[in-house]
2 protein chains.
Amino acid sequence: MTSTSPGLAARAARGVEPPASASGAPVESDLGWALGVVFRRYAKASAAALEGLPGGPRGYQVLATTNAEGPKRQLDLAAQLGVDRTVMTYLLDDLEKAGLVQRRPDPADRRARLIAPTDQGVEALCDLERRLRTTEEEVLGILDESERASFRLLLQRVAVRANAVDPLHNACALAETDDVLKT
Amino acid sequence: MTSTSPGLAARAARGVEPPASASGAPVESDLGWALGVVFRRYAKASAAALEGLPGGPRGYQVLATTNAEGPKRQLDLAAQLGVDRTVMTYLLDDLEKAGLVQRRPDPADRRARLIAPTDQGVEALCDLERRLRTTEEEVLGILDESERASFRLLLQRVAVRANAVDPLHNACALAETDDVLKT
DNA sequence: TATTGTTATACTCTATAACTATA
DNA sequence: TATAGTTATAGAGTATAACAATA
């Protein structure tokens, strides 16, 4: 996941010289810089955790979603995950080849196919989730228990707000939105 | 981390099993989800703020860096910003065409060129920084003053740590690390 | 005629290598 | 010979459009 789109608008400045005051902005607490660094760190770490999984983060999302919410049609799944339906085709091809998901005909509509994880897929998902939780703790490792909780809470509020402003449509935004909102 | 699966590997399998609840992990407060959403929201908002600037965030970085630290050789600039030197060529072509930066011969080495912002470039930079600060406030808008401060602080600590673990090298994460650490 | 899923095509980014002009 | 910058080429990733089967 990396850098899709335009990268972040991180502020520049480095080098031997002190960042300098630039054209007026102190650049002190640079949100863009911090967000970019943390995001990329997490992305990299979780990519490592998802090593070998076809489709990487997206493959994980397919597994997690179909496992949690039951069999889904490709188009619905694609919409929910914010990926193009053509991408979903390739992604499922790979996951199916790996024996992690299964395409089966939708009895209600012979055009459609229902996607469900295989036993092996569920097993793999279990393992992946364990690894991902470890990854999270690693990333937040510098914070103590209560700080970690505060951070998660604040970040979550900002995220829920951001998601409301511009509803997902981003590749990695899962659909726990409802869940989060309830919290 | 491509498509094929070593560890989880393939081997056709089946699995006709229904959804099942979760594989064990509640996925409750998903750090990845929140980080992704917030990051993308900020990236999108700042991209909008940088609308029309050649190279987008990278164009901004070039302006900010050369303005803050003085004229730089292309290769140094590329290394500092974490972009390929060939990309830097295209980027500077665009910025120069827009009249925002200037390539001038390095008196010390006739092979090299020094990059500096034009007056117009400095002016543009000023404006861009103003807009970016507005963007930051928008993204954090849901939090009140003190929460915002807490969040920035916690995020910054996580970021500094993350950056130390895996020093930049990412296109947009520049290096105010030193500065931040001092803070 | 509209929709599901697939396939084929094109476009964007980035990375690699080759080329020039200097050193 | 090595380096700064440029240009050309090839690859991943994604988006667009056309297609077959069904509704």
Side-chain angles (χ1 to χ4, degrees), chain A residues 1-8 40 43-44 47 50 53-59 61-62 66 71-97 101-116 168-173, chain B residues 1-4 40 43-44 47 50 53-59 61-62 66 71-97 101-116 168-173:
Chain A
M1 128 303 32
T2 351
S3 302
T4 349
S5 41
L8 240 218
R40 271 179 267 267
K44 193 170 180 178
L50 299 178
L53 178 71
R58 287 186 176 164
Q61 290 182 271
V62 168
T66 54
K72 279 191 180 297
R73 296 166 27 150
Q74 286 192 204
L75 209 64
D76 294 340
L77 197 52
Q80 186 169 341
L81 266 47
V83 306
D84 196 85
R85 63 182 185 174
T86 64
V87 173
M88 183 56 71
T89 297
Y90 304 135
L91 179 53
L92 291 176
D93 285 348
D94 294 341
L95 288 170
E96 200 173 35
K97 244 176 283 175
V101 306
Q102 183 196 9
R103 278 190 248 230
R104 59 189 199 213
D106 181 349
D109 184 341
R110 279 195 293 172
R111 292 172 302 179
R113 304 186 177 191
L114 293 178
I115 308 304
L168 38 132
H169 268 328
N170 43 54
C172 291
Chain B
M1 46 177 149
T2 346
S3 281
T4 25
R40 270 178 269 267
K44 193 170 181 179
L50 299 178
L53 178 70
R58 287 189 175 162
Q61 289 182 273
V62 168
T66 55
K72 279 192 179 298
R73 293 162 32 141
Q74 286 190 204
L75 209 65
D76 294 340
L77 198 53
Q80 187 170 336
L81 266 48
V83 306
D84 196 84
R85 62 183 184 171
T86 65
V87 173
M88 183 55 70
T89 296
Y90 306 135
L91 179 53
L92 290 176
D93 284 349
D94 295 341
L95 288 170
E96 199 173 35
K97 245 176 281 174
V101 305
Q102 182 194 6
R103 276 190 251 230
R104 59 191 197 210
D106 182 349
D109 185 341
R110 279 195 292 171
R111 290 172 304 181
R113 306 185 174 190
L114 294 178
I115 308 304
L168 43 132
H169 265 331
N170 41 55
C172 291

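Throughout, a chain's letter reflects where its sequence line sits, starting with A, and its residues are numbered from 1.
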In Å and rounded to the nearest 0.5 Å, what is the CG to CD distance from A:Leu81 to A:Gln61?
-> 4.5 Å
Pairwise side-chain contact, B:Leu95 with B:Val62, heavy-atom cut-off 4.5 Å (strictly under) | yes
OP1 or OP2 of C:dT4 under 4.0 Å from side-chain N/O of A:Arg103 = no
Euclidean distance, atom CZ of residue B:Arg104 to atom P of D:dA4 [Å, nearest integer] = 19 Å
Nearest 0.5 Å please: distance from the CG atom of A:Leu92 over to the CZ atom of A:Arg113.
-> 10.0 Å
Sequence neighbours excluded - salt bridge (Lys or Arg N to Asp or Glu O under 4.0 Å) pairs with any residue from residues 74-91 of chain A | A:Arg73-A:Asp76
Rounded to the nearest angstrom, tell me the gap between atom CG in B:Asp94 and atom C1' in C:dC13.
-> 14 Å
Roughly how many Å is it from CG in A:Asp106 to C1' in C:dT3, rounded to a whole number?
-> 13 Å
Hits for side chain to side chain donor-acceptor pair (under 3.5 Å) against B:Asp94, two or more places apart or cross-chain, chain-then-number order -> none
Apply side chain to side chain contact (heavy atoms under 4.5 Å, CB included) to B:Pro71 and list each qualifying residue two or more places apart in sequence or on a separate chain.
-> B:Arg104, B:Leu114, B:Ala116
Please round to the nearest 0.5 Å and tell me the distance separating atom CD1 of A:Ile115 and atom CD of A:Gln74.
-> 4.5 Å
Nearest-Å distance for atom pair CE/P, residues A:Met88 and D:dA15 | 13 Å
What are the two closest heavy atoms between A:Arg58 and A:Leu91, and how far apart are they?
-> CB-CD2, 3.8 Å
Distance test, side-chain N/O of A:Arg113 to OP1/OP2 of C:dT3, below 4.0 Å = no
What does the list of N/O pairs under 3.5 Å between the protein and nucleotides 7-9 of chain D look like, with a distance for each?
none

If each of B:Arg73 and A:Asp84 is mapped to the nucleotide of DNA chain D with the nearest heavy atom, which maps nearer the 5' terminus, i.e. the 5' end?
-> B:Arg73
Going 5' to 3' along nucleotides 18-23 of chain D, which nucleotides have protein heavy atoms under 4.0 Å from the base (write B), which only from the sugar-phosphate (write S), and which from neither (write -)?
-> B--BBS
Measure the distance from CG on B:Leu91 to C1' on C:dT14 and round it to the nearest whole Å.
-> 14 Å
Would you kindly give the CG-to-C1' distance between A:Leu92 and C:dT4, to the nearest whole Å?
-> 13 Å
Sequence neighbours excluded, the answer for salt bridge (charged side-chain N to carboxylate O under 4.0 Å, His left out) partners of A:Arg103 is A:Asp93, A:Glu96
